[in-house]
Amino acid sequence: MEFSLQSSRLWEEVVEQTKVAKEKGIDPLLWALQVSSSLGTSGIALPSTELAHVLVNYICWDNNIPILWKFLDKALMMKIIPPLLVIALLSQRVIPSRRSHPAAYRLYLELLKRHAFALKCQINGLDYQEVMESIDATLHLSEIFGLQTTEPAILVVEFIFSIVWQLLDASLDDEGLLELTEEKVSRWAIKPQEMEIDGHDMYDEKNIAYRERLQNFNTTMAIEIIGQFLQNKVTSRILYLARRNMSSHWVSFIQSLELLGANSAALKNSKVLTSEALLELTSDSRIFLSRECKTSSRQKFHAVMAFGSLASSVSLCPGASHSDLWLPLDMVLEDAMDGYLVNTTSAVEIITGLTKTLQAINGTNWHDTFLGLWVASLRLVQRERDPIEGPMPRLDTRLCMLLSIMTLVVADLIEEEEGAPTDETEYGSTNHWKEMKFPRKRRADLVSSLQVLGDYQGLLAPPKFVVSAANQAAAKAMLFVSGINVGSAYFECVNIKDMPFTGNLRHLIIEACIARNLLDTSAFYWPGYVNGRINQLPYSVPAQAPGWSSFMKGAPLTSVMINALVSSPASSLAELEKIFEIAVNGSEDEKISAATILCGASLIRGWNIQEYTVQFITRLMSPPVPADFTGSDSHLIDYAPMLNVLIVGIASVDCVQIFSLHGLVPQLACSLMPICEVFGSCVPNLSWTLPSGEEISPHAVFSNAFALLLKLWRFNHPPIEHGVGDVPTVGSQLTPEYLLLVRNSHLLSSENTHKDRNKRRLSEVASSSSPEPVFLDSFPKLKVWYRQHQRCIAATLSGLVHGTTVHQTVDRLLNMMFRKINKGSQSITFVTSGSSSSSGAGIEDNSLKPELPAWDILEAVPYVVDAALTACAHGKLSPRELATGLKDLADFLPASLATIVSYFSAEVSRCVWKPVVMNGMDWPSPAANLSNVEEHIKKILAATGVDVPRLSAGGSSPATLPLPLAAFVSLTITYKIDKTSERFLNLAGPALESLAADCPWPCMPIVASLWTQKAKRWFDFLVFSASRTAFLHNSDAIVQLLKSCFTATLGLNIAPISSNGGVGALLGHGFGSHFCGGLSPVAPGILYLRVYRSIRDIVFITEEVVSLLMHSVREIACSGLPKQKLDKLKRSKNGMKYGQVSLAAAMTRVKLAASLAASIVWLSGGHGLVQSLIKETLPSWFISVHRSDRDQGSGLVAMLGGYALAYFTVLCGAFAWGVDSSSSASKRRPKILGSHMEFLASALDGKISLGCDGATWHAYVSGLVSLMVGCTPNWVLEVDVDVLRRLSKGLRQWHEEELALALLGIGGVGTMGAAAELIIEHFDS
């Protein structure tokens, strides 16, 4: 703002008065009193912004003499002019002219030191707003920094930042360094706009030597003042606000400051500041959050909420130790091993997000983070190193997680850092410059973590079937270190068991990391990695044998070669690519052979290239239309043999899980749908002969594809399962539409996935099959079946009209199924339970099987099964005839098993069929081993304290099952347990278990007893499956199981508190009869992870978990601190003075309990349950009145409880939404988090009455805010500014000024002003 002196007589008089005082040499104090009096008489409010302009204009430069500077200083001291405005005005006039007026620059710097740091009195003035607006107009702050605001406190931040930056650029310019900056010029007026001409020579400025000395002194002094701004407890925090909210400007500022610190000659002359000290000031990004104020006892608890290093954990089943940091990861990894879970989201994405969450919240470095990943993955493998038999994922899936998924997670985390943008404009406002300055550290931390991993010998012992692979990895390293180059052919020809090399799982991990370019062969030289060296090969190099090396050299695909390639995994991408090329362009037989090879060992045990194997298989499932194709039918028919080989090859439980872990389930489903559509529409009048001699028909291809497709979602469950709030659970989303939606999202996000390695992989696979979105409407036959399937589950079967094509198909199928009955003299009529009836007369056997497309048959199957079941219920069919007929139907079209499952599932849920007695005459009897099953179930559940109802009472109560369930189990036990039947039993098995679990106890034990007679080697698996259903009809049993999880994890079942607990106690060693001479009790965590998906009413879990968490806190406090220490702690003013070790241990246990609680809630209900917890359960809990704990130390219990809930809440939110905004789930966060923060603010405002203990509430709020500020700052940015201000006000009322300040400090531009004012009020003493 410029003022014309001619426009105001008053200011002319002030100038004249000043001129007279100058000439007469009047004392500056007297001059100041005279000016103040005259202005007061004229009604001018003081301090006066106009007077500041007048005086600065008068001095610069016509009256640049010492006495006038004294006048100016006295006016500042007398507060008749605003100091900040004077500094702003002088910076615009003096800094550009500092060379021609070095003495004036020196005086300016002195005024700066005297007045720029005294901010408190200046922001409390009545003219605060006017002064800051005048400063903005003078320095153009809003224009330069791009913050269009008139909030005075924000202008204070910009002003302090601008003054320091002007000094910095001026100093760089003085030392000739400004041109070395990226901008080359300053954004500030640091150089004169016009040619400088020497003015009055009152200070002997013509003395060049003197001027140079003064200029050099000024430069040093300016740099020292910069250091003061960075050191001062007020201005350093204000500059932190600039760092947080003006990041792009801050980056440029810091780069210039580093340039000055590294190259300044003037800085070397300073006696108060060194180059190292200056650089250290810029590197401390935590100065704003330092705790220099008076710290309350509650705040001291923040210090013990950190765990520490992971490195002290060395055993498989440790007690509560630092390794328990990763308990959520252990639970997620174990949960992924559930054979009934087929996830649409890549395990790489899930674990990467979880890792970043735990790393942020636990505050671990990347060395400990990577070590935690490896240890958790190794525990996963060791937990089931000798798995039981049964239709469940085995060791292959666990090794896939360790050696493929985990290395891909690590690769993504490292690429995230090394591929980070270097342009500061790509960084958000929450990024610190320090994080951009020292990238590429994660790779070094990976190396150090793998080196330390060698100390975990108990975890590294390889399971039996991977001993050979581990030894081979060790042998390769040994030979490399010894300088012996043999190539892969040597290992293909030599039996590694006969060689003197001993490897472990670390050798396989290192090999997997090298394959993905995370490490190089220098790892072979790590101490202890190989045991010595050898001078020559133990065996001579053999002649060339069939294997990958000879294949790559051009050997043909003979049967011997094919068997060799099927049985051993490819070692490189080049080998896979050659096989894939043959599968695409080879002859028919070569395509089949290549498909067989891809589905062999390379898929199951090719951990180093597994992600490519699954991609190639998925791409082959969607072959392109040949350029010369002219047929009217689908081109897929020509690929039938290869497609069938692929489908059968990946149908095992382990293979499906491997595809699921790699995130390819949506694309796999998208590939299977057109196959089902095409082959299900074919009349079975063609066939294909495989090289093995096996003949397949369209029905076979369709059935295999359809069975695999149905495994990819819980097709036998109702469409809506235990939804929570307005968010359905993950399980209920697994529908064909949802699978296609996820697959299409990979396409839509392809343009934005270049920064995400995992999404890039998925996008490439999706694009290779079809670059366009795919919808269920593209498959009309499948859609018709799916709608019928939904109707069948939702309502009683009806709608069969006599004389229609469907009715005729029903007749033909019934005749085929029950031809022996119909051969009698009298035909049998089957009356359906619906509105229709069907009868059939005997016809010749050779015409019984209808030559119909599979879709037509599936449309009729529900009516067929309904008619057969009704006939059995009316005594017209014996149970044996019913089972035989259903088996004939399933043999004729194996895909019909899916519709049979669908029908039986619906009918059991309707409870309209009478139970039948499993007496061994009409129906099979479980009596032979029912009591044995009962005893084993009791053993399995022994660790939980859950009572198992008796299954039998001396034979007085015969075993019964509902008719549909009895029919279904009778059908399933007619199947042979072989590879051919496996893929259909894998479809029927989970449905049978789900069906039996929905029926009253003891239906599932009865089913298990019947099946154990059929498959004795599956006994352990079947009994364990039966034991799970003990929880599904009794919510009290679920609560008891949850309590057992907490008790085991925290080691509270045995005193003292230091007794074993942790991950080992929670998840144990898996289950099975291979331990200690009999079936051992199953760890409670394993039981819960295998049970929770079947809990229908999952909502009650949140309240129970919160209750158990608070109960655990009381147990921890009472067990961890002796009574004497509790008494001392209660009387002590400083809560940490007594029992520091015990208190820290108690807090560690509290965090462990909260971590377990959060993991249970997140896994049980996903986003929906977390939303319910934060929006409903927690507010209700705080409002409700709870029974007071009257034991000694109850105040401590209340406080620990508050911190436990805070940690629990933040973890739940972080699991659901992530700590940043990279996931799609994070879009839900602002609404839910905002609601909870509004609740907190309203309670602090006194608008909501609370029923909980005040200490609990205080600890919860302060703990929650501390965690958000320190671990999830992005969350704070999403909270309404007004809510943050109210929270800050409430915290200040509790004397939590530092925490209130920290909250405002990261709240974005909206709270920057409030934060600045709080800094000045609190620290400017």
Side-chain angles (χ1 to χ4, degrees), residues 342-350 584 611 614-627 629 633-636 639 643 646-647 650 656 659-660 662-681 705-706 708-715 719 727-728 730-787 789-790 855 1167 1222-1228:
V342 179
N343 210 325
T344 59
T345 305
S346 164
V348 177
E349 179 179 341
I350 294 171
V584 173
E611 65 270 29
V614 293
Q615 288 178 30
F616 285 146
I617 292 174
T618 306
R619 288 174 61 182
L620 289 176
M621 298 277 283
S622 300
V625 180
F629 182 77
D633 296 327
S634 171
H635 71 288
L636 294 176
Y639 291 93
L643 292 174
L646 291 170
I647 293 166
I650 64 174
V656 172
F659 273 82
S660 175
H662 283 280
L664 289 176
V665 162
Q667 181 54 50
L668 183 59
C670 184
S671 299
L672 288 168
M673 288 180 189
I675 296 174
C676 293
E677 187 74 15
V678 169
F679 289 93
S681 302
F706 194 59
L708 181 57
L709 175 62
L710 295 187
K711 292 176 191 175
L712 306 185
W713 86 85
R714 302 181 74 180
F715 79 101
V727 181
V730 173
S732 64
Q733 293 176 341
L734 290 181
T735 63
E737 296 99 332
Y738 181 73
L739 291 172
L740 291 177
L741 181 65
V742 174
R743 182 264 173 193
N744 293 339
S745 71
H746 296 159
L747 284 179
L748 297 175
S749 62
S750 60
E751 296 179 359
N752 302 315
T753 57
H754 63 281
K755 295 180 182 179
D756 190 315
R757 181 172 179 162
N758 178 62
K759 290 181 179 178
R760 193 164 61 238
R761 284 191 295 262
L762 297 177
S763 177
E764 288 171 358
V765 176
S767 300
S768 65
S769 65
S770 173
E772 300 297 328
V774 179
F775 302 97
L776 194 60
D777 290 338
S778 303
F779 315 108
K781 297 287 188 180
L782 174 61
K783 184 177 180 179
V784 168
W785 175 87
Y786 180 59
R787 298 300 179 228
H789 159 76
Q790 290 179 308
W855 289 121
H1167 300 95
S1222 60
S1223 69
S1224 58
S1226 64
K1227 295 181 176 65
R1228 304 173 184 171

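Side-chain atoms are counted along with the backbone in the values below, which use heavy atoms only and exclude waters and symmetry mates.
- Side-chain N or O atoms of Ser768 include one that pairs as donor or acceptor with a backbone N or O of Val765 at under 3.5 Å.
- Taking OG from Ser346 and CZ from Arg761, the interatomic distance works out to 6.5 Å, rounded to the nearest 0.5 Å.
- Between the CG atom of Asn744 and the CG atom of Leu739 there is a distance of 11.0 Å, given to the nearest 0.5 Å.
- Note that OG of Ser634 and CZ of Phe629 are 6.5 Å apart. Values are rounded to the nearest 0.5 Å.
- The nearest pair of heavy atoms linking Pro666 to Val742 is CG-CG1, 3.6 Å.
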Listing, residues 771-782 side-chain donor-acceptor contacts under 3.5 Å, not counting sequence neighbours, or none:
residue, atom, partner, partner atom, Å
Asp777, OD1, Lys783, NZ, 2.4
Ser778, OG, Phe775, O, 3.2

As a quick check of understanding, evaluate side chain to side chain contact (heavy atoms under 4.5 Å, CB included) for Thr344 and Tyr738, giving each step before the final call.
CA-CA 9 Å; Thr344 59; Tyr738 181 73; 3.7 Å; yes

Show, in sequence, the C-alpha distance, side-chain angles and deciding distance for Leu708 and Val656, and conclude whether the side chain to side chain contact (heavy atoms under 4.5 Å, CB included) test is met.
CA-CA 9 Å; Leu708 181 57; Val656 172; 3.8 Å; yes

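- Annotation for Ile675 and Ala705: closest pair CG2-CB, 3.8 Å, computed over non-hydrogen atoms.
- Put simply, the side chain of Leu664 does not reach to within 4.5 Å of the side chain of Ile617, judged on heavy atoms.
- Scored by the side chain to side chain contact (heavy atoms under 4.5 Å, CB included) test, Ser660 finds Val342, Asn343, Val665 as partners (sequence neighbours excluded).
- Here the straight-line distance linking atom CG of Leu710 with atom NE2 of His789 works out to 8.0 Å at 0.5 Å rounding.
- Inspection of the Ser769 and Arg743 side chains reveals an N or O donor paired with an N or O acceptor under 3.5 Å.
- The backbone N or O of Glu611 sits less than 3.5 Å from a side-chain atom of Gln615, completing a donor-acceptor pair.
- Atom OG of Ser763 and atom CG of Asn758 lie 11.0 Å apart (nearest 0.5 Å).
- Residues His746 and Gln667 have side chains not in contact (no heavy-atom distance under 4.5 Å, counting atoms from C-beta outward).
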If you look only at distance, which donor and acceptor atoms sit under 3.5 Å apart when one is on a side chain in residues 618-627 and the other is two or more places apart or in another chain?
residue, atom, partner, partner atom, Å
Thr618, OG1, Val614, O, 2.6
Ser622, OG, Ser671, OG, 2.8

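- We find the CG-CZ distance between Leu712 and Phe659 to be 10.0 Å, quoted to the nearest 0.5 Å.
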